[in-house]
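Input: a single structure, listed below in structure tokens.
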Amino acid sequence: MIPLSWYLVLSALLFSIGLFGVLARRNAVAILLGIELMLNAVNINLASFWRYGNPAQMGGQVFAIVVFAVAAAEVAVGLALIISIYRRRKTVLAEEIDLMKW
Amino acid sequence: MDASQIIFGLTALLIIFSALRVVTTRNMVHAALWLIVTLLGVTVLYALLQANFLAVVQVVVYVGAIAILFIFAIMLTRREMRDGGPQLNKGWPLAALISLAVFGGLLALLYNAPVSERLAASLEGQDTLGALGQALVSPDAYVLPFEVASVLLLAALIGAVYVALNKKQESDK
């Protein structure tokens with residue numbers, strides 16, 4: 001049997017790796033990849049708390065499904081923005097997208 | 001050590017290794033392919049947790065749709081990524097420090113958590129898939145978040161089409 005803490009430690013590690021990707025990568029698409037890693041870490045947490053809590057209560061799985069929907073929406077809008085910016089400014093590097101920087 | 005622990009350990013190693021490759025590899029197409037490996041590893045975890053529906057949705061939505069979308073976006077913006085410059089920005093040591101601090105904080109929280117050594121109860125004789133379907137459409141449970149999520153998805157997809165539309169080409173016609 002696997003204790004709950006194994007899942008939680010793994011998801012904490014995955015979340016931290018995703019956070020590093022978001023903070024450190026220069027490419028805007030790579031930043032979105034990091035966000036996907038963080039969302040997956042959250043989903044592991046939700047699913048394991050569902051399984052180790054009361055499995056008759058489906059809240060954990062339902063929220064994981066909501067996270068799937070939000071991730072799909074976020075990727076669609078994010079990549080559309082990046083492609084639109086790339087068309088106008090010929091760059092996907094986050095530090096060069098500074099139109100709104102004062 | 002029983003079989004499920006060995007499977008968990010191997011899957012965890014695979015997930016961590018491929019996630020590290022996602023955030024460090026130079027070639028963006030390779031990063032997207034490593035992301036697919038990570039997502040498949042998470043699918044194995046869902047199967048270990050007996051969350052069958054989540055495992056299927058993970059493959060269909062994440063690997064089948066989101067990862068393909070990423071690969072398309074990378075190919076549409078490819079030229080920029082062959083510049084050979086550094087892939088990490090100047091503040092990356094600070095980013096690594098923040099990530100390690102977050103990980104340490106989460107570990108400290110887990111160390112003090114009362115439930116962290118709990119084992120799973122048996123799912124013998126329970127229809128979790130049926131219960132999930134009931135919970136998603138039952139007015140007593142989660143029908144409102146379900147509907148809000150579908151409206152959000154519709155709005156986001158229409159917004160994405162509008163944002164990515166090439167307006168110059170449209171006006172030339």
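Chain letters run A, B, ... following the sequence lines, proteins first and then strands; every chain starts at 1.
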Minimum-distance pair of heavy atoms, taken over all atoms of [X] and [Y]:
| X | Y | answer |
| --- | --- | --- |
| A:Q61 | B:L132 | OE1-CD2, 3.4 Å |
| B:A160 | A:A76 | CB-O, 3.6 Å |
| B:Y142 | A:M58 | CE1-C, 4.5 Å |

Let's test your reading of the structure: which of [options] forms the most heavy-atom pairs below 4.5 Å with chain A?
| options | answer |
| --- | --- |
| B:S99, B:A164, B:A32 | B:S99 |
| B:V161, B:L48, B:L100, B:L157 | B:L48 |
| B:A156, B:A155, B:A135 | B:A156 |
| B:V23, B:V61, B:L49 | B:L49 |
| B:L106, B:V163, B:L152 | B:V163 |

Quick one: [atom1] on [X] to [atom2] on [Y], what's the gap to the nearest 0.5 Å?
| X | Y | atom1 | atom2 | answer |
| --- | --- | --- | --- | --- |
| A:E74 | B:I66 | CD | CD1 | 7.5 Å |
| B:L35 | A:L33 | CG | CG | 5.5 Å |
| A:N27 | B:I74 | CG | CD1 | 7.5 Å |
| B:L97 | A:F20 | CG | CZ | 11.0 Å |
| A:E36 | B:F70 | CD | CZ | 4.5 Å |
| B:L165 | A:S84 | CG | OG | 9.5 Å |

Heavy-atom proximity to chain B below 4.5 Å, by part of [X]:
| X | result |
| --- | --- |
| A:I44 | both |
| A:I31 | neither |
| A:A28 | neither |
| A:R87 | side chain |

Applying a strict under-4.5 Å side-chain criterion to I, L, V, M, F, W and Y, I'd like to know whether [X] and [Y] cluster together.
| X | Y | value |
| --- | --- | --- |
| B:V63 | B:F17 | yes |
| B:I68 | B:W34 | no |
| B:L13 | B:V42 | no |
| A:L79 | B:V29 | yes |
| B:L154 | B:V143 | no |

For [X], is it the side chain, the backbone, both, or neither that has a heavy atom closer than 4.5 Å to a heavy atom of chain A?
| X | answer |
| --- | --- |
| B:V22 | both |
| B:F72 | neither |
| B:L107 | side chain |
| B:Y46 | side chain |
| B:A65 | neither |

For chain B, which candidate among [options] shows the most heavy-atom pairs at distances under 4.5 Å?
| options | value |
| --- | --- |
| A:V77, A:L32, A:L23 | A:L23 |
| A:V70, A:I83, A:I65, A:I85 | A:I65 |
| A:I82, A:I17, A:L81 | A:I17 |
| A:G34, A:G59, A:G18, A:G53 | A:G59 |

Close side-chain approach of [X] to [Y], heavy-atom, < 4.5 Å:
| X | Y | answer |
| --- | --- | --- |
| B:L76 | A:Y86 | no |
| A:L10 | B:L45 | yes |
| A:N40 | B:T38 | no |
| B:F103 | A:L14 | no |

*Apply side-chain contact (heavy atoms from CB on, under 4.5 Å) to the pair B:Y62 and A:L39, showing each step before the final yes or no.*
CA-CA 11 Å; B:Y62 260 110; A:L39 286 172; 3.8 Å; yes
*Aromatic ring proximity, centroids under 6.0 angstrom, A:Y7 and B:F8*: yes
*Do A:N43 and B:Q58 meet the criterion of a side-chain donor-acceptor pair at a distance under 3.5 Å?*
no
*Matching residue for A:F68 among B:L54, B:L153, B:V60 - test: side chain to side chain contact (heavy atoms under 4.5 Å, CB included)*: B:L54
_Under the criterion side-chain contact (heavy atoms from CB on, under 4.5 Å), I'd like the reasoning laid out for A:V66 against B:V148: C-alpha separation, chi angles, the key distance, then a yes or no._
CA-CA 9 Å; A:V66 172; B:V148 170; over 6 Å; no
